[in-house]
Number of protein chains: 2
Amino acid sequence: MISRSPEGIDQLAARLISQGSRFARTASRRAGTQRSLIALRVLANLRQEGDLRVGELALREAITQPAMTATVNRLEADGLVARSADPSDARASVVSLTEAGARELHEFRMRAAAEVRPAIAGLGEDDLAVLARAADLLEELADRLNRE
Amino acid sequence: MISRSPEGIDQLAARLISQGSRFARTASRRAGTQRSLIALRVLANLRQEGDLRVGELALREAITQPAMTATVNRLEADGLVARSADPSDARASVVSLTEAGARELHEFRMRAAAEVRPAIAGLGEDDLAVLARAADLLEELADRLNRE
DNA sequence: AACAAGTATATACACTACTTATATAAATCG
DNA sequence: CGATTTATATAAGTAGTGTATATACTTGTT
């Protein structure tokens with residue numbers, strides 16, 4: 001039974017931030033990618049949601065718009081995403097995933113999964129279910145934090 | 001029931017990396033810290049484990065040793081950690097948490113928790129338990145990845 | 001229609017963070 | 001003792017990030 005006391009909740013929040021960041025860094029590093037986690041998140045967003053504006057990407061990933069512009073610039077220079085004008089708003093530039101970008105995202109995921117798989121595969125059914133549900137919950141929590 | 005098929009495991013691994021990093025970045029950004037997640041992780045390590053060598057910190061956090069040296073330099077310059085010679089090995093330098101460092105870690109955690117608390121508090125008992133268990137599992141998985 | 005205010009992105013600048021390669025100094029092993 | 005290994009630091013280059021501001025377009029008002 002998890003404590004609902006403020007202290008219990010606060011400690012849980014701190015641990016999730018701390019361990020979430022450590023796990024992501026550790027696993028992605030072992031996968032040997034050159035790209036930052038943000039860059040990979042951009043590719044993942046585009047794959048899941050389709051084309052997105054620069055500003056929308058910045059909001060979703062909780063970095064500033066200029067930082068996202070720079071990230072998109074690097075991805076574009078490497079041919080992983082493409083910019084195009086938004087027909088409905090000439091100020092906006094719409095980012096879309098290229099085939100090379102989709103490929104690189106997929107390859108990263110396969111390499112990362114290959115590293116993590118042995119450790120995860122050793123878990124019981126209940127812990128697997130916990131991790132799967134936790135991934136959903138973390139996504140929802142981040143969505144909610146970004147929306148406020 | 002979570003799929004134990006290779007595809008299911010791989011997708012889970014990819015989602016954990018992706019959502020773990022996004023949640024950590026989002027939450028820490030909202031807490032308005034100046035420090036990187038790595039710097040905060042260093043403080044957390046020292047608090048939990050006591051004094052640690054630079055190399056040991058680098059290993060635990062899966063960054064290179066020079067990157068950890070630089071991180072410790074910055075923390076030392078701000079008085080959050082202190083370096084001292086290891087009496088048992090003159091090559092090594094041992095990093096310890098200062099009172100100011102412990103305070104800053106605590107304050108960050110409180111600010112971050114305050115941001116996340118409303119979202120977490122709305123969850124049911126079962127989801128709270130899932131997150132608590134997931135934090136432990138992510139720590140164990142990262143430990144295991146770093147040890148190999 | 002014109003103008004003011006707001007919005008989307010980009011640019012400029014300064015600084016942090018990270019990597020690879022290498023240097024320095026000390027420990028260990030033969 | 002000399003060779004090798006180990007722990008940390010330094011150097012150089014690049015990526016990543018924030019704040020402040022510029023540019024271009026849109027929207028709302030009169």
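Chain A is the first sequence line, chain B the second, and so forth, proteins listed ahead of strands; every chain is numbered from 1. Side chains are part of it too, since the values below use all heavy atoms of this structure and drop only hydrogens, waters and symmetry mates.
- Within residues 54-66 of chain B, the residues having any heavy atom closer than 4.0 Å to DNA chain C are, in order of number, Ile63(B), Thr64(B), Pro66(B).
- Proximity of residues 21-33 of chain B to DNA chain C (heavy atom under 4.0 angstrom from any strand atom) is not detected for any residue.
- Distance Leu37(B) CG to dG16(D) P: 16 Å, rounded to the nearest Å.
- Under the side chain to side chain contact (heavy atoms under 4.5 Å, CB included) criterion, Ser93(A) pairs with Val54(A), Arg83(A), not counting sequence neighbours.
- Against DNA chain D, the stretch residues 102-113 of chain B makes no heavy-atom approach under 4.0 Å.
- Remark: of the listed residues Leu46(B), Leu75(B), Leu52(B), Leu46(B) is the sole one forming a side chain to side chain contact (heavy atoms under 4.5 Å, CB included) with Val95(B).
- In the hydrophobic clustering of ILVMFWY residues, with side-chain heavy atoms under 4.5 Å counting as a link, Leu123(B) and Leu12(A) come out together.
- When atom types are taken as modelled, the side chain of Ser21(B) and the backbone of Ser21(A) share no donor-acceptor pair closer than 3.5 angstrom.
- Between Arg53(A) and Gln34(B), the residue anchored nearer the 5' end of DNA chain C, judged by the nucleotide with its closest heavy atom, is Arg53(A).
- Contact annotation: Ser36(B) reaches the phosphate of dA17(C) (side-chain N/O to OP1 or OP2, under 4.0 Å).
- Qualifying side chain to side chain contact (heavy atoms under 4.5 Å, CB included) partners for Ala102(A), counting only residues two or more places apart in sequence or in other chains: Leu97(A).
- At a non-hydrogen distance threshold of 4.0 Å, Ala67(B), Thr71(B), Arg74(B) from residues 67-84 of chain B come into contact with DNA chain C.
- Spacing between atom CG of Asp86(A) and atom P of dA10(C) amounts to 12 Å, rounded to whole angstrom units.
- Residues Arg29(A) and Ala62(B) come closest through the heavy atom pair CD-O, 2.5 Å.
- Counting only residues at least two apart or on different chains, the salt bridge (Lys or Arg N to Asp or Glu O under 4.0 Å) pairs with a member in residues 95-104 of chain B are Arg35(B)-Glu104(B).
- Residues Val116(A) and Phe23(A) meet the side-chain proximity criterion, which asks for heavy atoms closer than 4.5 Å.
- The two residues Leu141(A) and Ala119(B) come nearest to each other via the heavy atoms CD2-CB, 3.5 Å.
- Judged as a salt bridge (Lys or Arg N to Asp or Glu O under 4.0 Å), the pairs with a partner in residues 44-54 of chain A (not counting sequence neighbours) are, in order, Glu49(A)-Arg60(A), Arg53(A)-Asp86(A), Arg53(A)-Asp89(A).
- Annotation: side chain of Glu140(B) is in contact with side chain of Leu137(B) (closest heavy-atom distance under 4.5 Å).
- End-to-end axis angle of the helix from dA1(C)-dT30(D) to dG30(C)-dC1(D), from C1' rotation axes over five pairs per end: 20° (rounded to 10 degrees).
- For the pair Val42(A) and Met68(A), the minimum side-chain heavy-atom distance is below 4.5 Å.
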Salt bridge (Lys or Arg N to Asp or Glu O under 4.0 Å) assessment of Arg15(A) paired with Asp136(B)
CA-CA 9 Å; Arg15(A) 273 179 59 71; Asp136(B) 287 342; 2.5 Å; yes
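- Scored by the salt bridge (Lys or Arg N to Asp or Glu O under 4.0 Å) test, Arg25(A) finds Glu61(B) as partners (sequence neighbours excluded).
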For every nucleotide of nucleotides 23-30 of chain C, 5' to 3': is a protein heavy atom under 4.0 Å from its base (B), only from its sugar-phosphate (S), or from neither (-)?
--BBS---
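- Atom CZ of Arg35(A) is separated from atom P of dT19(C) by 16 Å (rounded to the nearest Å).
- Listed for the Asn146(A) side chain is a donor-acceptor partner under 3.5 Å among the backbone atoms of Ala142(A).
- Looking at Arg30(B), its side chain does come within 3.5 Å of a backbone N or O of Leu145(A) through a donor-acceptor pair.
- Listed by chain and number, the residues in a side chain to side chain contact (heavy atoms under 4.5 Å, CB included) with Ala44(B) are Ser18(A), Arg41(B), Leu105(B), Arg109(B) (sequence neighbours excluded).
- Screening Asn45(A), Asp143(A), Ile38(A) for a side chain to side chain contact (heavy atoms under 4.5 Å, CB included) with Arg22(B), the sole residue that qualifies is Asp143(A).
- Between Asp51(A) atom CG and dT9(C) atom C1' there is a gap of 17 Å when expressed in whole angstrom units.
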